[in-house]
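The structure displayed is predicted, hence computed values, not measured ones.
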Amino acid sequence: VQFAGRPSISYDVLSIDIGITPGSEQVPGAREHTIPVKPIDRFVANFDAMLERYRAQDASTPLRVVIVGGGAGGAEIALSLHHRLEEERTSRGHHQLPPAEITLVCRGQLLTGHASYARRALIGIMKQKGIKIVEHCTVVRVDKGMLTVEAPRSGTHSQNGGSTQGKGEGHQLQQQLLQGNNNTVPFDVCMLCTQASAAPWLKLTGLPTDPQGFLAINECLQSEGGPPEVFAAGDVASCAKHPRPKAGVFAVRQGPPLSANLRRFLSGEPLEPFVPQSTWLSLITTGDKYCVGTKGWIGLQGAWLWSLKDYIDRAFMRKYGEDLPDMMKMMSGTGAKAQRPPGPPPVFGAAGPEALALLAESKMRCGGCGAKVGASVLAAALAQVHPRPISRPDVVMGLESPDDAALIRPPPPGKLLVQSVDFFRAFWDDPYILGKIAANHALGDVWAMGAKPVSALALAVVPLMADRLVTEELTQLMSGAIEVLNESGCALVGGHTCEGPELALGFSVTGEVAEAGVMSKGGLRSGQALVLTKPLGTGTLLAAAMQGKAKGRWVMGALSEMAKPSGKAADILASYGCTGCTDVTGFGLLGHLVEMTKPSQVHAELFMQSVPLLSGAQDTLTAGVTSSLHAQNARAAASVHNFDQVLQKHPQLWPILVDPQTGGGLLAGVAWEKAEACVQELRENGYGSAAIIGKVAQPGNAGSPILIS
């Protein structure tokens, strides 16, 4: 599988379930001027921005919202949005915010393909709520603040209610909405919930597709007429024998049979067909805990149906949260285990003699130099690494001319040599991402000293695998790492790779710093502001991810912060006269701050409410999820002389202060009068959560150096 911006990934069996997105590519200007409802994380961010805009709206000017798409999704969004904005009006006082004007634009009829009962019921509800419906209008272009549509042909119409009047009420509304003869609809916010389309790149793969570009599959969810090792499920796939609408009610049913057939394929067993349901329950919410439901010819509506929908939705989501197997018990061996007959699992036999040989060899593995990764495997991995490591004039011998050791020229007069090492076991199963974070984490110590990284040596451990898999694992791992090293001007000059029980990676980094520009733990000065460049929470979020208790967007947000280099932040801090700095990593914020107060001979005050948190960190801490290092780090609480008060006031949040950080930010002392400007510049350069979290003070009478307010 080929990607943009990272190495390819090989596979034995491939399952594609990437879903679909609204067809914004088909309408000029839609990408630039509309808010697609998928992917949901971007929609949520844009929705929050729209709410802020509505709150700031002039009392005499209504917010004009247009939703493009006449399916169930468009109807639900229109009704839910009306309910949400009315809640805003109520909370602010009706006189302060005008009612929003919501218009639903449909290419055909509203709810085409749904039961006529649902269409009639929802049109009536929308009429009651003042939501305008424009049917049989195709959007042909989107400009800033304006939709251009193809007006209905003679005999077609638009509606504001349930009437079907040709050129009656609906036609009058059509003339009101379309500006003059330009066939345009004005808007302040436009949301796109149109008929879904397949990703354009699918047609470039050579895999068989249907006329709409969706992957063609057979009854076994296997590529129809394509490679037998390729499967697909969900909205991205279409089965000619069992055509169904693109809806989650069908996609979710394919999960278990897909999992079973993937296992059967790997074990060499016959695949089993899957036949989707022919009728289905459709529940469309109106946003105010009311619902319209149909199944076949049956149609019902009421608040009780919303309760049913809410129960079904929550029960489904619990399968990916609360109802997941207890991962801690499974890892400790106390969880329920399926009984398996003696001998190698069937998958080993299906995988061929290489897999069986590996299974036999795994019982006795050598240590010492016998555990090194073979030279040919290592050479193959390094040859495939992209990007290539940079070269530097001060590196005399490195990877380009490998020897027993690297040769590096010493720094020029007036500069000091800086050396650091960092190493950790894998916490994420994507080696490319792990490589980026490991390199960034190791560079953090050098940046915290005010130094520039020059060279790095890699230390990697890979588990026992077939040679081709070891090659790929190392290629992914080092490609991610070298990407970060190159961006930081640091040359990879060598390293060591060996076999071990699990994946691990670290780096020994050499840098240089001007003697007058050293930032150290002992450089804090009384009166300075304490500035933190990144939010906290990676420890609790990673622990929650291991236990199946973290939301995907929380974990992705944490990974993004962990992979964010701190080099630019260090430069900004130095430009504001920072002399005391450290990177917040394994010992947590409190532990590293205590390490700074001792050599600096100062005390410090932390502003608890100002400490930035990663999204989801407070939720996981409230749920009692902490890192396995928490207990040891918590001993730093003895350095807080008002800890009893903190424990009473923040019983669930205080652990964030001792949460171990991977790829954490910099904690620095900056002159108080310069701190606000420093934080602003940090935020403008990508450190959006940078904040003043405390201040440095003269040692007081209290024996403990930290006060938390």
Side-chain angles (χ1 to χ4, degrees), residues 20-24 26-27 30 34 36-38 66-81 102-127 129 131-140 147 149-166 169-171 173-174 177 185 190-198 210-214 235 238 242-251 276-287 291-301:
I20 49 181
T21 57
S24 60
Q26 302 168 7
V27 181
T34 66
V37 298
K38 291 183 179 181
V66 173
I67 295 115
V68 180
E76 281 197 326
I77 288 174
L79 289 161
S80 298
L81 183 60
I102 299 176
T103 303
L104 185 60
V105 178
C106 317
R107 183 171 62 178
Q109 279 193 332
L110 178 68
L111 295 178
T112 300
H114 285 256
S116 59
Y117 176 87
R119 170 178 160 76
R120 291 194 304 271
L122 286 168
I123 285 177
I125 292 170
M126 289 186 187
K127 180 178 181 180
K129 295 178 182 293
I131 298 173
K132 300 171 183 176
I133 308 169
V134 180
E135 296 183 313
H136 303 286
C137 273
T138 301
V139 177
V140 295
L147 286 180
V149 301
E150 285 185 352
R153 301 183 304 275
S154 176
T156 62
H157 58 277
S158 302
Q159 297 189 44
N160 187 17
S163 59
T164 305
Q165 303 181 24
E169 178 186 353
H171 182 73
L173 175 62
Q174 168 73 23
L177 287 174
V185 181
C190 182
M191 297 182 178
L192 198 65
C193 190
T194 56
Q195 182 177 2
S197 59
D210 70 2
Q212 288 74 44
F214 297 104
D235 289 345
S238 291
H242 302 293
R244 295 292 186 273
K246 300 297 181 186
V249 69
F250 301 108
Q277 68 270 37
S278 57
T279 62
W280 60 94
L281 177 64
S282 172
L283 296 172
I284 302 176
T285 180
T286 61
C291 201
V292 175
T294 59
K295 184 171 184 182
W297 58 268
I298 301 173
L300 297 166
Q301 59 180 294

Participant: If you define the side chain from C-beta out and look only at heavy atoms, does anything of Leu147 sit under 4.5 Å from Cys190?
Facilitator: yes
Participant: Within a strict 4.5 Å, meaning less than it, do heavy atoms of the Ile125 and Ile131 side chains meet?
Facilitator: no
Participant: Check step by step if side chain to side chain contact (heavy atoms under 4.5 Å, CB included) holds for Ile67 and Ile102.
Facilitator: CA-CA 8 Å; Ile67 295 115; Ile102 299 176; 3.7 Å; yes
Participant: State, yes or no, whether a side-chain contact exists between Val149 and Val140 at a heavy-atom distance under 4.5 Å.
Facilitator: no
Participant: Could you give the distance from CD (Glu76) to CG (Leu81), rounded to the nearest 0.5 Å?
Facilitator: 13.0 Å
Participant: Let's go through Gln277 and Val249 carefully: what are the C-alpha distance in whole Å and the side-chain angles of both, what is the deciding distance for side chain to side chain contact (heavy atoms under 4.5 Å, CB included) to 0.1 Å, and is it a yes or a no?
Facilitator: CA-CA 9 Å; Gln277 68 270 37; Val249 69; 3.8 Å; yes
Participant: Would you check if Met126 and Leu79 make a side-chain contact, meaning some heavy-atom pair closer than 4.5 Å?
Facilitator: yes
Participant: Checking Ser238 now: which residues fulfil side-chain hydrogen bond (donor to acceptor under 3.5 Å, both in side chains) with it, not counting sequence neighbours?
Facilitator: Asp210, Lys246
Participant: Within a 6.0 Å radius of atom CZ on Arg244, are there more than 12 heavy atoms belonging to other residues, nucleotides or ligands?
Facilitator: yes
Participant: If you look at every heavy atom in Thr286 and Lys129, which pair is closest and at what distance?
Facilitator: O-CE, 4.3 Å
Participant: Is the closest side-chain heavy-atom distance between Val37 and Leu192 below 4.5 Å?
Facilitator: no
Participant: Would you say Thr285's side chain and Gly287's backbone share a donor-acceptor pair under 3.5 angstrom?
Facilitator: yes
Participant: Sequence neighbours left out, what passes side-chain hydrogen bond (donor to acceptor under 3.5 Å, both in side chains) with Gln301? Give chain and number order.
Facilitator: Tyr117, Tyr290
Participant: Nearest 0.5 Å, please: how far is SG in Cys137 from CD in Glu150?
Facilitator: 9.0 Å
Participant: Would you say Gln109's side chain and Arg119's backbone share a donor-acceptor pair under 3.5 angstrom?
Facilitator: no
Participant: In Å, rounded to the nearest 0.5 Å, how long is the span from CG of Leu281 to OG1 of Thr294?
Facilitator: 7.5 Å
Participant: Quick check: do Leu110 and Glu135 have side-chain heavy atoms less than 4.5 Å from each other?
Facilitator: yes
Participant: Let me know which of Val68, Thr112, Thr138 forms a side chain to side chain contact (heavy atoms under 4.5 Å, CB included) with Arg107.
Facilitator: Thr138
Participant: Are any non-hydrogen side-chain atoms of Val134 and Cys106 less than 4.5 angstrom apart?
Facilitator: no
Participant: State, to 0.1 Å, how close Ala198 and Gly213 come at their nearest heavy-atom pair, and which atoms those are.
Facilitator: CB-O, 3.4 Å
Participant: Do Met191 and Val66 have side chains that get closer than 4.5 Å, going by heavy atoms?
Facilitator: no
Participant: Rounded to the nearest 0.5 Å, how far does CD1 of Ile20 lie from CD of Gln212?
Facilitator: 11.5 Å
Participant: Rounded to the nearest 0.5 Å, how far does NE2 of His114 lie from CD1 of Ile284?
Facilitator: 5.0 Å
